[in-house]
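One structure is given here, and the rest of the page talks about it.
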Amino acid sequence: MAGDPLEDVQHLHADTATARPGGRTARVGEAVIDATIAELSEVGYAALRVDAVARRAGVNKTTIYRRWGDKVGLVSTALIERRGQLVPPADTGSLRGDLVELLKEIRLGLKVPWVAALLREAGPRTAASTDLYELLDMFWPARFKVSGVIFERAVERGELPAGADPGFLLEMISGPLYFHWLMLGHPLDDAFLERVAGFVLHGAQAGPPGAEVPEIGGM
């Protein structure tokens with residue numbers, strides 16, 4: 001896929017001063033982003049305070065407000081600055097193999113402390129979680145766009161029908177991991193990932209949602 005999919009997400013943009021090597025501005029940017037990630041890991045999003053980030057980074061909080069605007073701007077920049085894993089999943093040559101690799105990437109992401117903190121805190125969409133979901137809603141489209149390439153490849157290889165819906169399939173494959181780990185507290189071992197991949201693969205190859213399902217056992 002050409003270009004950086006994160007460029008398509010409104011308001012979510014890299015801090016170019018942070019990305020530019022050398023100089024005090026870059027060092028301050030790195031310190032603030034590192035402090036933001038550390039605070040997220042320890043206290044989550046709702047309890048994160050700009051003044052706490054400033055103390056940890058060793059800067060004045062006015063520097064943060066002037067450069068990143070507010071907490072949403074600061075955390076969204078931290079997300080994109082740490083987006084190293086946001087790359088197209090490996091092409092294993094088969095949809096099943098691609099699904100397993102994608103699930104392993106998701107599992108790896110869930111082990112990152114600040115990612116786990118955000119997900120545990122998110123909960124249902126309520127007025128109290130508006131700011132957090134404003135942030136997540138800027139990020140998920142990019143994540144889905146990057147991951148959806150595995151289904152586009154599968155259609156090109158003839159493993160999936162042309163009407164396959166990448167967004168729906170991504171929900172179906174990632175949902176079990178979040179429920180299994182977040183709600184039930186069960187480990188995400190390889191055997192579980194293989195079961196999820198096989199189940200979703202079988203359903204995806206049956207056709208788009210709403211397609212006629214063949215009768216089983218003469219019923």
Side-chain angles (χ1 to χ4, degrees), residues 4-19 27-87 102-103 105-147 167 170-171 174-188:
D4 185 348
L6 280 173
E7 294 176 355
D8 297 335
V9 183
Q10 187 178 13
H11 304 311
L12 191 58
H13 58 280
D15 181 359
T16 54
T18 303
R27 291 195 297 273
V28 168
E30 281 296 324
V32 170
I33 296 303
D34 288 343
T36 302
I37 294 298
E39 285 291 315
L40 278 175
S41 301
E42 292 180 11
V43 305
Y45 180 78
L48 185 144
R49 297 291 180 265
V50 171
D51 55 352
V53 172
R55 284 195 301 271
R56 187 185 285 263
V59 303
N60 193 297
K61 65 181 180 180
T62 58
T63 299
I64 295 178
Y65 284 118
R66 183 171 60 250
R67 186 159 161 182
W68 289 281
D70 56 16
K71 185 165 77 170
V72 172
L74 176 61
V75 176
S76 65
T77 301
L79 288 182
I80 196 170
E81 291 293 339
R82 297 295 186 265
R83 73 187 190 279
Q85 294 181 339
L86 196 58
V87 295
L102 175 60
L103 288 169
E105 288 183 14
I106 296 173
R107 178 177 63 185
L108 183 63
L110 294 176
K111 293 180 180 179
V112 178
W114 62 270
V115 173
L118 285 177
L119 293 176
R120 289 185 186 281
E121 185 178 347
R125 288 177 180 263
T126 65
S129 62
T130 298
D131 285 351
L132 178 55
Y133 273 101
E134 178 184 346
L135 174 67
L136 293 175
D137 286 344
M138 289 188 284
F139 184 75
W140 287 125
R143 175 71 268 181
F144 270 46
K145 183 174 181 179
V146 171
S147 301
L170 284 169
E171 289 184 34
S174 58
L177 270 68
Y178 291 104
F179 189 85
H180 196 70
W181 167 76
L182 187 61
M183 304 300 293
L184 300 180
H186 295 328
L188 299 174

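Note that the coordinates shown come from a computational prediction; the quantities given were computed from them, not determined experimentally.
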Exercise for the section: Decide yes or no for R49 and R55: does some side-chain heavy atom of the first lie under 4.5 Å from some side-chain heavy atom of the second? Expected result: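 No, too far: nothing below the 4.5 Å cut-off.
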
Exercise for the section: Test side chain to side chain contact (heavy atoms under 4.5 Å, CB included) on R67 and V28 and set out the steps. Expected result: CA-CA 11 Å; R67 186 159 161 182; V28 168; 4.2 Å; yes

Where [X] and [Y] come nearest, the two heavy atoms and their spacing:
| X | Y | value |
| --- | --- | --- |
| P176 | E171 | CD-O, 4.4 Å |
| E39 | L48 | CB-CD1, 3.8 Å |
| G44 | A117 | CA-CB, 4.3 Å |
| A57 | A31 | CB-O, 3.6 Å |
| S174 | I106 | CB-CD1, 3.9 Å |

Exercise for the section: Check the pair T36, W68 against side chain to side chain contact (heavy atoms under 4.5 Å, CB included), reporting the backbone distance first and the verdict last. Expected result: CA-CA 12 Å; T36 302; W68 289 281; over 6 Å; no

Can you measure from [atom1] ([X]) to [atom2] ([Y]) and round to the nearest 0.5 angstrom?
| X | Y | atom1 | atom2 | value |
| --- | --- | --- | --- | --- |
| E105 | L108 | CD | CG | 8.0 Å |
| F179 | L184 | CZ | CG | 4.5 Å |
| T62 | D51 | OG1 | CG | 12.0 Å |
| R56 | I37 | CZ | CD1 | 11.0 Å |
| L188 | L182 | CG | CG | 10.5 Å |

Problem - Within 45° cone of Y45 ring axis and under 6.0 Å: K71 NZ or CZ - result: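 Yes; both conditions hold, so K71 lies above the ring face of Y45.
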
Exercise for the section: Under the side chain to side chain contact (heavy atoms under 4.5 Å, CB included) rule, what do L170 and L102 come out as? Steps first, then yes or no, please. Expected result: CA-CA 10 Å; L170 284 169; L102 175 60; 3.7 Å; yes

